[in-house]
Asks: 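Sharing a structure below in structure tokens format, with a few things to ask.
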Amino acid sequence: MENTRELFQIMTRRFGLLNKNCCSVGGCDISLAQSHLLYEIDRRHNPSMQQVAETLAIDITTFSRQVQSLIKMALVKKTADPSDRRVFTLSLTVQGKFVATTIDQQMNDYLNEVFSYMSEFEKETVLRSVQIFNEAMGKSSRCCAPITG
């Protein structure tokens with residue numbers, strides 16, 4: 001069997017995670033980080049900037065730049081919370097919802113195609129294994145931290 005790191009290196013490349021842009025939707029080139037941001041905003045109801053930054057484990061400065069770029073693209077709206085003006089909530093614009101939904105559909109189509117080359121048992125095995133792996137990564141003291149050397 002190939003070495004473990006190489007398996008993950010190949011999977012990362014095949015998922016396109018090293019590409020500058022993960023997708024192009026409606027004339028918008030979306031980076032992988034922006035795609036994750038849109039996904040998290042879409043799946044929550046008006047989350048605060050802090051909530052999304054923590055979920056994605058991105059420092060607030062980098063996160064703020066990404067949010068600003070999505071605001072300029074008219075995909076995200078930032079609103080001051082009426083009960084606490086220091087807190088800003090995020091929501092998708094109509095165009096942002098379209099882009100998020102399109103990316104979601106493209107990813108689901110891709111995954112469905114990949115899984116079509118597997119038996120039902122193999123598919124379930126992969127999904128269960130990824131779930132176990134994600135849970136184990138969450139328990140690691142190094143989870144979501146940059147690698148230092």
Side-chain angles (χ1 to χ4, degrees), residues 1-78 88-149:
M1 180 171 248
E2 300 172 68
N3 85 39
T4 305
R5 179 166 180 210
E6 184 161 344
L7 286 173
F8 285 98
Q9 297 284 107
I10 291 168
M11 187 173 66
T12 298
R13 285 195 300 269
R14 288 192 175 150
F15 251 127
L17 300 179
L18 302 178
N19 300 353
K20 182 176 185 283
N21 293 317
C22 75
C23 23
S24 187
V25 179
C28 297
D29 286 331
I30 307 294
S31 72
L32 186 62
Q34 291 168 332
S35 169
H36 279 272
L37 240 152
L38 292 170
Y39 178 82
E40 288 303 325
I41 295 168
D42 192 30
R43 71 183 204 93
R44 298 162 180 264
H45 181 69
N46 295 334
S48 71
M49 286 186 63
Q50 193 65 39
Q51 286 173 315
V52 179
E54 285 172 10
T55 299
L56 296 175
I58 301 174
D59 75 89
I60 200 71
T61 308
T62 303
F63 179 77
S64 294
R65 277 196 303 271
Q66 293 291 349
V67 168
Q68 273 311 117
S69 69
L70 291 170
I71 290 170
K72 282 183 188 155
M73 295 164 79
L75 302 179
V76 170
K77 197 167 68 171
K78 181 172 135 181
F88 289 91
T89 59
L90 300 172
S91 58
L92 298 181
T93 62
V94 172
Q95 176 69 5
K97 180 70 177 163
F98 170 76
V99 169
T101 302
T102 304
I103 292 170
D104 199 41
Q105 187 60 56
Q106 289 172 353
M107 283 306 300
N108 286 330
D109 290 348
Y110 174 61
L111 291 170
N112 287 334
E113 185 212 342
V114 170
F115 284 126
S116 77
Y117 302 112
M118 297 179 193
S119 70
E120 195 57 35
F121 175 76
E122 289 170 328
K123 175 185 172 182
E124 288 173 17
T125 302
V126 168
L127 292 175
R128 182 71 185 123
S129 298
V130 171
Q131 183 180 18
I132 292 167
F133 190 72
N134 278 338
E135 289 167 6
M137 286 177 73
K139 293 174 186 172
S140 169
S141 61
R142 298 192 211 181
C143 177
C144 310
I147 296 170
T148 56

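Scope of the values below: all heavy atoms of this structure, side chains included, with no hydrogens, waters or symmetry mates.
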Asks: Evaluate side chain to side chain contact (heavy atoms under 4.5 Å, CB included) for Ile10 paired with Arg13, printing each intermediate quantity in order.
Replies: CA-CA 5 Å; Ile10 291 168; Arg13 285 195 300 269; 3.4 Å; yes
Asks: Strictly distance-based, threshold 3.5 Å: is any side-chain N or O of Asn112 a donor or acceptor partner for the main-chain N or O of Asn108?
Replies: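 Answer holds: yes.
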Asks: Mark yes or no for whether Thr101, through its side chain, and Phe98, through its backbone, hold a donor-acceptor pair below 3.5 Å.
Replies: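 Flag not set: sc Thr101 to bb Phe98 has no pair under 3.5 Å.
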Asks: Quick check for you: to the nearest 0.5 Å, what is the distance between Leu127 atom CG and Met118 atom CE?
Replies: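 The CE atom of Met118 is 8.0 Å from CG of Leu127, to the nearest 0.5 Å.
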Asks: Are Val25 and Gln106 side-chain neighbours, meaning at least one heavy-atom pair lies under 4.5 Å?
Replies: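 Touching, per the 4.5 Å side-chain cut-off.
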Asks: Determine whether Gln66 and Ile58 satisfy the following criterion, side chain to side chain contact (heavy atoms under 4.5 Å, CB included), listing intermediate values before the conclusion.
Replies: CA-CA 10 Å; Gln66 293 291 349; Ile58 301 174; 5.7 Å; no
Asks: Looking at every non-hydrogen atom in both residues, tell me the closest pair between Gln95 and Leu75 and how far apart they are.
Replies: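 Smallest interatomic distance, heavy atoms only, reads CG-CD2, 3.4 Å.
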Asks: Return the NE2 to OG1 distance between His36 and Thr55, rounded to the nearest 0.5 Å.
Replies: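 Taking NE2 in His36 and OG1 in Thr55, the distance rounds to 12.5 Å.
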Asks: Report yes if the side chains of Gln105 and Thr102 come closer than 4.5 Å at any heavy-atom pair, otherwise no.
Replies: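 No, too far: nothing below the 4.5 Å cut-off.
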Asks: Taking NZ, NE, NH1 and NH2 as the nitrogens, is one of them in Arg44 or Glu40 under 4.0 Å from a carboxylate oxygen of the other?
Replies: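 Salt bridge: yes.
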Asks: Given 3.5 Å as the limit, does a donor-acceptor pair link the side chain of Glu6 with the main chain of Asn3, or not?
Replies: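 Checking the backbone N and O of Asn3 against the side chain of Glu6, no donor-acceptor pair under 3.5 Å is found.
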Asks: Looking at side-chain heavy atoms only, is the closest gap between Thr62 and Arg65 below 4.5 Å?
Replies: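 In contact.
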Asks: Over all heavy atoms of both residues, which pair between Phe115 and Lys123 is shortest? Give the atoms and the distance, please.
Replies: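 Residues Phe115 and Lys123, closest heavy atoms: CD2-CG, 3.5 Å.
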Asks: With heavy-atom distances below 4.5 Å as the criterion, would you say the side chains of Leu90 and Asn46 are in contact?
Replies: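 No, every pair of side-chain atoms sits at 4.5 Å or beyond.
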Asks: Under 6.0 Å from the OH atom of Tyr39, do we count more than 12 heavy atoms belonging to anything else shown?
Replies: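 12 or below, so no.
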Asks: If you round to the nearest 0.5 Å, how far is CG of Leu37 from OG of Ser31?
Replies: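 Here the interatomic distance stands at 8.5 Å.
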Asks: Indicate yes or no: at least one non-hydrogen side-chain atom of Ile71 is less than 4.5 angstrom from one of Lys78.
Replies: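 Yes, at least one pair of side-chain atoms sits under 4.5 Å.
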Asks: Please find the pair of heavy atoms, one from Phe63 and one from Met49, that lie closest to each other, and give the distance.
Replies: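 Closest heavy-atom pair between Phe63 and Met49: CE2-O, 3.3 Å.
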Asks: Please name all residues satisfying side-chain hydrogen bond (donor to acceptor under 3.5 Å, both in side chains) with Thr125, sequence neighbours left out, ordered by chain then number.
Replies: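 Counting only residues at least two positions away or on another chain, Thr125 forms no side-chain hydrogen bond (donor to acceptor under 3.5 Å, both in side chains).
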Asks: Shortest non-hydrogen contact from Asp29 to Gln34?
Replies: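 Heavy atoms of Asp29 and Gln34 come nearest at O-OE1, 3.9 Å.
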Asks: Tell me the closest heavy-atom pair linking Ile103 and Ser35, and the distance in Å.
Replies: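 Shortest heavy-atom contact: CG2-OG, 3.7 Å.
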Asks: Taking C-beta and beyond as the side chain, do Val76 and Leu38 meet within less than 4.5 Å on heavy atoms?
Replies: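 Yes, at least one pair of side-chain atoms sits under 4.5 Å.
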Asks: List for me each residue that meets ring pair (Phe, Tyr, Trp, His ring centres under 6.0 Å) alongside Phe8, sequence neighbours excluded, and say none if there are none.
Replies: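 With sequence neighbours excluded, Phe8 shows a ring pair (Phe, Tyr, Trp, His ring centres under 6.0 Å) to Phe133, given in chain and number order.
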